[in-house]
Amino acid sequence: MSEQEALGERESMEVDVVIVGAGPAGLAAAIRLKQIANEGEELSVVVLEKGSEVGAHILSGAVIDPIALDQLLPEWREEDTPLKTAVTDDHFLVLGPAGSMRLPNIFMPKLMNNHGNYIVSLGNVCRWLAEKAEALGVEIYPGFAAAEVLYDDEGKVVGVATGDMGISRDGTPNAMFTRGMELRGKYTLIGEGVRGSLAKQLIQRFELDKDSDVPKFGIGLKELWEVDPAKHKPGLVQHSFGWPLDGKTGGGSFLYHLEDNQVAVGFVVHLNYENPWLSPFDEFQRFKTHPAIRDTFEGGKRISYGARAITEGGYQSVPKLTFPGGALIGCSAGFVNVPRIKGSHNAMFSGMLAAEEVMAAIGRGEAHTELTNFDTAWRESPIGKDLKKVRNAKPLWSKYGTWLGIALGGLDMWTNELFGFSFFGTLKHGKRDSETLKPAKDCKKIAYPKPDGVLTFDKLSSVFLSNTNHAEDQPIHLKVEDPVLQKTSEHDVFAGPSNRYCPAGVYEWVEEGADAPRFQINAQNCVHCKTCDIKDPNRNINWTVPEGGGGPNYPNM
């Protein structure tokens with residue numbers, strides 16, 4: 001008898017469509033499915049969300065382009081919504097160690113213009129979209145992590161199973177044990193977000209990435225502050241690049257002035273950086289001390305913190321999206337426009353487009369077939385048009401560094417926008433992010449200043465603000481495939497970069513005791529950013545879903 005059989009049979013629920021992830025893509029898909037179905041036939045739609053509530057795991061800047069929302073819910077502007085702060089001013093800064101220079105807006109490609117967009121909490125937008133979906137009859141189950149893909153005898157996807165609850169650290173059921181549940185549907189849409197555990201499995205099983213470029217990622221760190229009303233400028237959007245990162249390390253920042261004297265500040269580091277001593281979290285803290293930045297926050301109060309990986313591969317890195325029985329949508333597919341730092345509109349478009357393909361298939365009496373038209377349709381849709389214009393911005397930055405790379409990327413966006421062509425064609429990204437670190441001995445160690453607890457902070461106090469919580473006795477959801485390799489390579493060659501690239505203090509190399517050095521995983525701190533799954537130099541860490549409801553609980557992020 002297998003371990004799974006010993007735990008007992010799972011209950012099963014049959015529906016028409018199963019959606020994994022209550023983010024912009026999943027909720028847009030659910031709403032669009034019911035909009036079409038409510039014109040005619042009955043349709044059962046279930047959305048699974050691993051966060052304790054819808055929005056709990058949603059983290060984004062965010063400035064949202066309402067183009068997809070206008071199509072999905074045309075009357076939204078007449079309602080009370082979380083889209084309250086329209087962009088009124090757009091600033092682009094270049095930062096040096098002691099000063100800054102504002103780039104004239106006239107030099108920026110039109111697609112970089114944020115006027116007409118809204119500064120929002122994307123978590124609150126998702127909470128609002130969930131209300132819209134439920135009003136249409138969608139069933140949403142927060143606190144249930146989709147842990148397993150279900151296949152039929154022919155290998156077609158027929159749904160997902162949620163993880164068991166109440167499993168102790170040693171793998172045995174405890175007094176709180178509850179068996180997971182099978183959600184079976186005619187079609188399954190995977191909208192887990194960046195580097196989702198089920199999406200990884202599906203990409204590998206069906207070789208969805210065999211004809212696409214390598215995936216690329218960044219890590220985004222964000223804080224929400226309540227600032228002095230005298231310094232608050234509702235509608236101001238400010239982006240910058242340069243200091244504190246060197247010219248070889250890609251990244252940048254944002255300051256978004258929302259309503260209620262709140263300012264969202266964020267910092268992005270491209271995960272193809274080379275120096276294993278670099279700490280994205282500490283670069284973020286150092287960034288806030290810049291003369292052009294710190295004044296906004298002096299006298300203010302930090303009220304929330306979070307971190308999340310970002311898909312940065314763009315047009316050429318999008319894998320095949322369909323498999324027998326379903327499709328990848330949203331950031332599981334990789335639809336972020338990197339120069340614009342926007343992906344919510346494309347995520348929503350992808351969910352809507354997938355919903356229409358699903359409904360067409362169901363209308364033909366099909367189930368568990370491959371939605372082949374979806375792969376063609378997205379490239380011809382607003383998603384493809386949006387991503388194709390900026391397809392070379394990331395590889396140019398990676399190849400030529402910040403200053404020349406951004407200049408060439410800007411030129412490329414201008415020619416794509418004005419004339420519909422690129423001098424560069426479609427460039428390749430090169431190495432995976434896991435392959436870019438240099439040995440520690442070949443890199444300069446970075447000395448970061450001690451946090452002052454007023455403007456700059458440490459990781460643990462930051463994680464506290466994320467409201468992260470996991471049942472301490474559950475199995476560790478961060479799987480190290482080869483512990484020996486972790487010691488001989490990650491520690492001995494690269495000086496333990498997991499301690500630095502993780503923004504939540506999950507990983508430590510303990511150098512004391514008879515078994516030193518010992519790799520310690522503080523899984524209860526995990527904010528589900530997935531950086532370890534991307535940046536480990538041997539791809540030796542596999543991020544899997546913990547017990548449902550665990551992880552951060554982001555308010556207004």
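Along the sequence shown, residues are numbered consecutively beginning with 1. Since this is a predicted model, take the numbers as computed values, not measurements.
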Side chain to side chain contact (heavy atoms under 4.5 Å, CB included) with Leu72: of Leu27, Ile31, Ile67, only one passes, and it is Ile31
- Main-chain N/O of Val265 paired with Lys222 side-chain donor or acceptor, under 3.5 Å: no
Those residues at least two apart in sequence (or on a different chain) that pass side-chain contact (heavy atoms from CB on, under 4.5 Å) with Lys399 are none
When rounded to the nearest 0.5 Å, the distance separating CZ of Phe494 from CG of Asn275 is 12.0 Å
- Query: Are the aromatic ring centres of Phe335 and Trp378 under 6.0 angstrom apart?
  - Reply: yes
Step by step, would you call Lys132 with Glu79 a salt bridge (charged side-chain N to carboxylate O under 4.0 Å, His left out)? CA-CA 12 Å; Lys132 291 288 188 182; Glu79 302 176 14; 2.6 Å; yes
Could you tell me whether the side chain of Asp412 and the main chain of Leu408 form a donor-acceptor pair under 3.5 Å?
no
Exercise. Will you find, in the side chains of Gln316 and Ser212, an N or O donor that is under 3.5 Å from an N or O acceptor?
Worked result: no
Between Thr436 and Asn272, do the side chains contain a donor N or O and an acceptor N or O under 3.5 Å apart?
no
Item to check | Main-chain N/O of Ser317 paired with Asp213 side-chain donor or acceptor, under 3.5 Å | outcome: no
Using a strict cut-off of less than 4.0 Å between a Lys/Arg side-chain nitrogen and an Asp/Glu carboxylate oxygen, indicate whether Lys438 and Glu274 qualify as a salt bridge.
-> yes
> So His290 and Trp243, would you call those rings parallel, tilted or perpendicular, with 30° and 60° as cut-offs?
Replying inline: tilted
Strictly distance-based, threshold 3.5 Å: is any side-chain N or O of Thr468 a donor or acceptor partner for the main-chain N or O of Asn525?
no
- Does any N or O in the side chain of Asn553 come within less than 3.5 Å of the main-chain N or O of Ala56, such that one atom is a donor and the other an acceptor? no
**Message:** So does Lys431 get a backbone contact from the side chain of Lys216, meaning a donor-acceptor N/O pair under 3.5 Å?
**Reply:** yes
Next item on the list: Using only heavy-atom distances, determine whether the side chains of Asn540 and Gln486 contain a donor-acceptor pair under 3.5 Å.
Entry: yes
d(Leu411 CG, Asn392 CG) to nearest 0.5 Å is 10.5 Å
Please determine, by modelled atom types, if His57 and Glu192 share a side-chain donor-acceptor pair under 3.5 angstrom.
no
If you take the centroid of each ring, where Trp contributes its six-membered ring, are Phe241 and Trp403 closer together than 6.0 Å?
yes
Exactly one candidate in Phe457, Trp225, Phe287 meets ring-ring contact (aromatic ring centres under 6.0 Å, His included) with Phe297; the answer is Trp225
- prompt: Going by the angle between their ring planes, with limits at 30° and 60°, are Tyr256 and Phe254 parallel, tilted or perpendicular?
  reply: parallel
I'd like to know whether Thr531 forms a side chain to side chain contact (heavy atoms under 4.5 Å, CB included) with Phe217, so could you lay out the CA-CA distance, the side-chain angles of the two residues, the decisive distance to 0.1 Å, and finally the verdict. CA-CA 9 Å; Thr531 305; Phe217 301 92; over 6 Å; no
- prompt: Are Arg127 and Glu53 close enough for a salt bridge, meaning some N to O gap below 4.0 Å?
  reply: yes
Q: Classify the ring geometry between Trp543 and His528 as parallel (under 30°), tilted (30 to 60°) or perpendicular (over 60°).
A: perpendicular
Those residues at least two apart in sequence (or on a different chain) that pass side-chain contact (heavy atoms from CB on, under 4.5 Å) with Arg77 are Pro66, Asp70, Tyr118
Before we go on, tell me: are the rings of His232 and His257 under 6.0 Å apart, centre to centre? yes
Checklist line | Asp452 (side chain) donor-acceptor with Val454 (main chain) under 3.5 angstrom | finding: yes
dist Asn556:CG -> Asn124:CG (nearest 0.5 Å) comes out at 4.5 Å
query: Does Ser461 reach the main-chain N or O of Asp458 with its side chain, forming a donor-acceptor pair under 3.5 Å?
result: yes
Is the backbone N or O of Cys331 less than 3.5 Å from a side-chain atom of Thr311, with the two atoms forming a donor-acceptor pair by type? no
Would you sort out whether Arg294 and Glu298 count as a salt bridge (charged side-chain N to carboxylate O under 4.0 Å, His left out), showing the intermediate values? CA-CA 6 Å; Arg294 70 178 303 139; Glu298 287 181 335; 2.9 Å; yes
Notebook entry, point to check: Are any of the side-chain nitrogens in Arg432 or Glu435 under 4.0 Å away from the carboxylate oxygens of its partner?
Noted result: no
Between the side chains of Glu223 and Lys288, is the shortest nitrogen-to-carboxylate-oxygen separation below 4.0 Å, so that they form an ion pair? yes
Looking at Asp386 and Arg340, is there a salt bridge between them, counting it only when a charged N and a carboxylate O are closer than 4.0 Å?
yes
Between the CG atom in Asp228 and the CG atom in Asn261, the distance rounded to the nearest 0.5 Å is 8.0 Å
Margin query: I want to check a possible cation-pi pair here: Arg379 against Tyr315, using under 6.0 Å from ring centre and within 45° of the ring axis as the test.
Written below: yes
- Query: Is it true that a side-chain atom of Ser332 and a backbone atom of Gly193 form a donor plus acceptor pair closer than 3.5 Å?
  - Reply: yes
Review point. Is a salt bridge present between Glu312 and Lys394, judged by a nitrogen-to-oxygen distance below 4.0 Å?
Key: yes
Donor + acceptor pair across side chains of Asn117, Asn114 (<3.5 Å) = yes
Is any side-chain N of the basic residue among Arg500 and Glu283 closer than 4.0 Å to the acidic one's carboxylate O? no
Paired with Tyr305, the ring-ring contact (aromatic ring centres under 6.0 Å, His included) test is passed by just one of Phe464, Tyr554, Phe284, Phe281, namely Phe281
Atom CZ of Phe421: over 12 foreign heavy atoms under 6.0 Å
yes
NZ or CZ of Lys535 within 45° of Tyr273 ring axis and under 6.0 Å = yes
Check your understanding: Would Asp65 and Lys342 pass as an ion pair if we require N to O under 4.0 Å?
Key -> no
Applying side-chain contact (heavy atoms from CB on, under 4.5 Å) to Asn469 and not counting sequence neighbours gives none
* **Trp509 and Gln520 side chains, donor-acceptor separation under 3.5 Å** => no
